[in-house]
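Each remark here refers to the structure printed beneath this line.
We use all heavy atoms of the structure for the numbers below, so side chains are in, but hydrogens, waters and symmetry mates are not.
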Amino acid sequence: MSSAGYVPPQPPGFPPPMPPGGAGGFYGQPADPPIQQDLPCRKCQYNLRGLTASGRCPECGTAVGYSLQGDLLRYCNPSWVDTLKTGTGLAVWGILTIIFGVVMAVAVPMIGQSIGAVQFGLIGGGVVVLIGWILNLIGWFMATQPDPTGMGEERYGAARQLVRISITVQVLATLASLIVLLTAGPFEGGMISIVLNVISNIASAVAIIAQCRYLSMIALRIPDQGASGQAHFLMYALGIVYSLMAAIQLLGLFGGGAVAGGVSRQGAGAIACVGGLVALAMLVFLIMYIILLFRMSSLFGQQSRWARSTWAMSAAPQQH
């Protein structure tokens, strides 16, 4: 059977593409006019300028028309799309590990209620949180791998780079906090730990905004307007709650002396109340965010399967 007549599976609502080559050209366009602008081959980056839409890349044999189909993920390198899927999945496991470490740091001292239990809970929980941040860092470095063709960089390239920088800051701040706990103890290093925690939360606010911005834009390459809209909402929601949490911690840091002296106990109570509400909102939005990452990972997997079909078809030699 000739591979030239093969039509890859397409998602509902999208018409099947015309087979590469043939008298009608790609997508029914005339095949005669040569390409007038620089166009990298989607598979090997060879410049296709001067070739026709019905031809094939002289380097790798991929249909020229395949590189003219736009930036949808189903037409991209399936290995790259697989990397996006693996990265978002790993980021989810990183978040779950961080949550487990925080619960451990809080619950163990409450159960043991001794200096040894406090040290074990804080240090053990800190190690688990650090592992979670490292998983998150690796996951997001994979999920923000640039498209080999360079597509999308003009829209979300800055957000992609900001994700990597901010999460790196989080990992370093968490590592520094753990070193303080190991060297100075949970009580002597309390003030330093608070400062590092504030830095980590500020980095978290920047990271979550950049991550959601990135997801909202790359979801349009599926395209999935629902996932893009959810990421856009969480960009603002999580950005606000993380920023509020950092502000509350700063108030506690700089206003602690005044409160201890009895200057404003009512103010301290109000701050604690607001902090509780912000923490609750953060929990709700984080659950929504984890669900979004699961959804994006599944969508990336779906797009990878479609990409693998069209990728194989585009490189199939025409038989006459």
Side-chain angles (χ1 to χ4, degrees), residues 86-143 163-208 210-212 234 238-239 241-246 248-249 252-253 275-276 278-294 297:
T86 303
T88 49
L90 194 59
V92 171
W93 283 108
I95 292 174
L96 295 178
T97 303
I98 292 168
I99 293 174
F100 177 77
V102 172
V103 171
M104 178 180 175
V106 173
V108 172
M110 291 178 63
I111 296 173
Q113 295 183 347
S114 65
I115 294 179
V118 170
Q119 291 178 332
F120 175 77
L122 291 177
I123 295 174
V127 170
V128 174
V129 169
L130 178 61
I131 293 173
W133 277 123
I134 292 174
L135 289 175
N136 200 260
L137 178 66
I138 296 172
W140 275 108
F141 261 76
M142 296 178 68
V163 168
R164 296 182 168 193
I165 293 172
S166 55
I167 296 182
T168 301
V169 172
Q170 288 174 314
V171 171
L172 294 176
T174 304
L175 177 61
S177 295
L178 186 59
I179 292 174
V180 169
L181 285 174
L182 290 172
T183 56
F187 303 107
E188 296 83 354
M191 185 62 68
I192 300 176
S193 296
I194 292 175
V195 173
L196 291 171
N197 197 32
V198 170
I199 294 173
S200 179
N201 274 330
I202 293 174
S204 295
V206 174
I208 210 73
Q211 289 164 15
C212 290
L234 289 173
L238 281 170
V241 295
Y242 266 102
S243 299
L244 287 175
M245 186 61 72
I248 289 170
Q249 287 181 327
L253 179 63
V278 171
L280 180 61
M282 181 182 292
L283 177 61
V284 173
F285 293 141
L286 276 176
I287 292 173
M288 294 175 61
Y289 179 65
I290 292 172
I291 294 173
L292 173 64
L293 287 180
F294 270 120
S297 182

Measure the spacing between CG of L172 and OG of S177 and express it to the nearest 0.5 Å. 11.0 Å
Working to the nearest 0.5 angstrom, can you tell me the gap between T174 OG1 and I179 CD1? 11.0 Å
Over all atoms of both residues, closest heavy-atom pair of M142 and T86: CE-CG2, 3.6 Å
Would you find more than 12 non-hydrogen atoms of other residues, nucleotides or ligands less than 6.0 Å from F141 atom CZ? yes
Can you tell me how far apart CZ (F285) and CG (L280) are? Round to the nearest 0.5 Å. 9.5 Å
Could you walk me through whether V128 and I98 pass the side chain to side chain contact (heavy atoms under 4.5 Å, CB included) check? CA-CA 7 Å; V128 174; I98 292 168; over 6 Å; no
So does L293 get a backbone contact from the side chain of S297, meaning a donor-acceptor N/O pair under 3.5 Å? no
Going by the rule side-chain hydrogen bond (donor to acceptor under 3.5 Å, both in side chains), which residues pair with T97 if we only count those two or more places apart in sequence or in a different chain? none
Ignoring hydrogens, what is the shortest heavy-atom contact between Q170 and A207? Give both atom names and the distance. OE1-CB, 4.0 Å
Would you compute the distance between atom CD1 of I208 and atom OG of S166 and round it to the nearest 0.5 angstrom? 9.0 Å
Would you say the side-chain atoms of T168 pair up with the backbone N or O of R164, donor to acceptor, closer than 3.5 Å? yes
Before you tell me yes or no, could you show the steps for L238 and V241 under side chain to side chain contact (heavy atoms under 4.5 Å, CB included), namely the whole-Å CA-CA distance, both residues' side-chain angles and the distance that decides it to 0.1 Å? CA-CA 5 Å; L238 281 170; V241 295; 4.1 Å; yes
Pairwise side-chain contact, W140 with L90, heavy-atom cut-off 4.5 Å (strictly under): no
Side chain to side chain contact (heavy atoms under 4.5 Å, CB included) for Y242 and L286? Distances and angles first, verdict last. CA-CA 11 Å; Y242 266 102; L286 276 176; 3.9 Å; yes
Side chains of Q211 and I167 in contact at under 4.5 Å (non-hydrogen atoms): yes
Could you tell me whether a side-chain N or O of N136 sits under 3.5 Å from a main-chain N or O of A91, the two making a donor and an acceptor? yes
